[in-house]
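Since the model is a prediction, treat every value here as computed from it, not as a measurement.
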2 protein chains.
Amino acid sequence: MGFAETFKALSDPVRRDILVLLKQGSLSAGEIGSHFDMTGATISYHLNILKKADLIFENRQKNFIYYELNVSVVEEVMLWLAELKGGNEHEA
Amino acid sequence: MGFAETFKALSDPVRRDILVLLKQGSLSAGEIGSHFDMTGATISYHLNILKKADLIFENRQKNFIYYELNVSVVEEVMLWLAELKGGNEHEA
DNA sequence: CAGGTATTTAGAAAAAATTCTAAATACCTC
DNA sequence: GAGGTATTTAGAATTTTTTCTAAATACCTG
């Protein structure tokens, strides 16, 4: 829920690749997994970290779980960075 | 030099705090260290990671080493996030 | 409900990150 | 150059992260 979790989630290359995949639209856990040379269990682990960081959310349909990018949290991270770069905001 | 290193560097709370400190202007390694309850060696380790990620650069003066925020790399990260959020950029 | 597919959870092994203490390097001042 | 302060490097201990295999859960279909 905080930036700590979000930045941690973004720090792994597999998780960033997952987010890039989801940019095009929602995908099931299995479809996501098919893009990587890893077990489904490992993909599930990464999806869980992204979900806890609110970077993705899930959407259950039949016996598939579709994942989608949560753009608003991406925006929050951008704001944090903008503030870092902008500086001086709490000045008299 | 790549996003991998940059996001990894941003993933640690101590390192993000260091960046926030440097937002106000350059500080020596010792001054940075005085804000944390850690040994100088540990601070040096974190500064090195930030330096390798190009998020900060150093400026040697007398026997102090001053560190400064590298705004341009912060901007690059923001661009990566903007693209993630923007989607669709390589479409016909 | 039996069988099947999709996904997650548990537990363990391996790899990577964080921190410390102690020692080394760098550079300045007298 | 001797002594002093600032910072980094080396090596080791601890913690966290990543990954796997095996088993469990969930849900759908006939």
Side-chain angles (χ1 to χ4, degrees), chain A residues 1-22 25-70 77, chain B residues 1-22 24-70 73 77:
Chain A
M1 266 268 159
F3 285 115
E5 261 163 325
T6 312
F7 276 112
K8 268 281 188 223
L10 286 167
S11 74
D12 185 88
V14 172
R15 291 191 292 264
R16 286 196 304 279
D17 285 351
I18 289 174
L19 294 176
V20 170
L21 281 174
L22 293 178
S26 73
L27 292 175
S28 71
E31 288 168 328
I32 292 168
S34 73
H35 286 82
F36 299 91
D37 187 20
M38 299 176 147
T39 65
T42 298
I43 295 299
S44 184
Y45 160 79
H46 285 299
L47 289 172
N48 189 244
I49 288 177
L50 289 168
K51 200 165 54 185
K52 280 186 187 157
D54 278 332
L55 280 162
I56 61 176
F57 51 86
E58 63 183 37
N59 194 339
R60 291 170 182 259
Q61 299 203 12
K62 299 178 70 174
N63 62 340
F64 290 84
I65 303 179
Y66 289 96
Y67 286 95
E68 291 189 54
L69 186 59
N70 184 3
V77 177
Chain B
M1 266 270 159
F3 286 115
E5 263 163 322
T6 312
F7 277 112
K8 267 281 187 223
L10 286 166
S11 75
D12 185 87
V14 172
R15 291 192 291 265
R16 285 195 305 278
D17 287 350
I18 291 173
L19 294 176
V20 171
L21 282 174
L22 292 179
Q24 310 297 137
S26 72
L27 291 173
S28 70
E31 288 169 329
I32 292 168
S34 73
H35 287 81
F36 299 90
D37 188 21
M38 299 177 147
T39 64
T42 298
I43 295 299
S44 185
Y45 161 78
H46 285 299
L47 289 172
N48 189 245
I49 287 176
L50 288 170
K51 202 165 52 184
K52 280 186 188 158
D54 278 331
L55 280 162
I56 60 175
F57 51 87
E58 64 183 33
N59 192 341
R60 292 170 182 260
Q61 298 202 15
K62 299 179 71 175
N63 62 340
F64 291 84
I65 304 180
Y66 289 96
Y67 285 95
E68 292 186 54
L69 185 61
N70 185 4
V73 171
V77 177

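- Taking B:Thr39 as the reference, B:Ala41, B:Thr42 meet the side-chain contact (heavy atoms from CB on, under 4.5 Å) condition, with sequence neighbours excluded.
- Note on A:Ser28: every side-chain N or O is 4.0 Å or more away from OP1 and OP2 of C:dA6.
- Close to D:dT9, at under 4.0 Å from its OP1 or OP2, lies no side-chain N or O of B:Ser44.
- Here the P atom of nucleotide D:dT8 and the NZ atom of B:Lys52 are 13 Å apart, to the nearest Å.
- Listed in residue order, the members of residues 57-68 of chain B having a heavy atom less than 4.0 Å from DNA chain D are B:Asn63, B:Phe64, B:Ile65, B:Tyr67.
- Under the side-chain contact (heavy atoms from CB on, under 4.5 Å) criterion, A:Ser34 pairs with no residue at all, not counting sequence neighbours.
- Residues passing the side-chain contact (heavy atoms from CB on, under 4.5 Å) test with A:Ser44, sequence neighbours excluded: none.
- Using a 4.5 Å heavy-atom cutoff, the side chains of A:Thr6 and A:Asp54 are not in contact.
- Rounded to 10 degrees, the angle separating the terminal axes of the helix from C:dC1-D:dG30 to C:dC30-D:dG1 is 30°, with each axis obtained from five end pairs.
- Note on residues 42-51 of chain A: pairs passing salt bridge (Lys or Arg N to Asp or Glu O under 4.0 Å), not counting sequence neighbours, are A:Lys51-A:Glu58.
- In this structure, CG of A:Asn48 is placed 14 Å from P of D:dT19, rounded to the nearest angstrom.
- Across all strands shown, A:Gly30 has heavy atoms under 4.0 Å from sugar-phosphate atoms exclusively, and none from any base.
- Taking the side chain to side chain donor-acceptor pair (under 3.5 Å) definition, one finds that B:Arg15 meets it with B:His46, sequence neighbours left out.
- A straight line from CG of B:Leu47 to C1' of D:dT8 spans 10 Å, rounded to a whole angstrom.
- Here the P atom of nucleotide D:dT9 and the CD1 atom of B:Ile43 are 15 Å apart, to the nearest Å.
- In this structure, the side-chain contact (heavy atoms from CB on, under 4.5 Å) partners of A:Phe57, at least two apart in sequence or on a different chain, are A:Glu68, A:Asn70.
- Side-chain contact check for A:Leu22 versus A:Ile32: some heavy-atom pair is nearer than 4.5 Å.
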Report, one pair per line, the protein and nucleotides 15-19 of chain C atoms (nitrogen or oxygen only) whose separation is under 3.5 Å.
| from | atom 1 | to | atom 2 | distance (Å) |
| --- | --- | --- | --- | --- |
| C:dT18 | OP1 | B:Asp12 | OD1 | 3.1 |
| C:dT18 | OP1 | B:Arg15 | NH2 | 3.4 |
| C:dT18 | OP2 | B:Arg15 | NH1 | 3.0 |
| C:dT18 | OP2 | B:Arg15 | NH2 | 3.4 |
| C:dT18 | OP2 | B:Tyr45 | OH | 3.0 |
| C:dT19 | OP2 | B:His46 | NE2 | 2.4 |

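- Under the side chain to side chain donor-acceptor pair (under 3.5 Å) criterion, A:Ser28 pairs with A:Glu31, sequence neighbours left out.
- Counting heavy atoms from C-beta outward, B:Leu10 and B:Leu19 have side chains that approach closer than 4.5 Å.
- Shown here are the ring-ring contact (aromatic ring centres under 6.0 Å, His included) partners of B:Tyr45, two or more places apart in sequence or in another chain: there are none.
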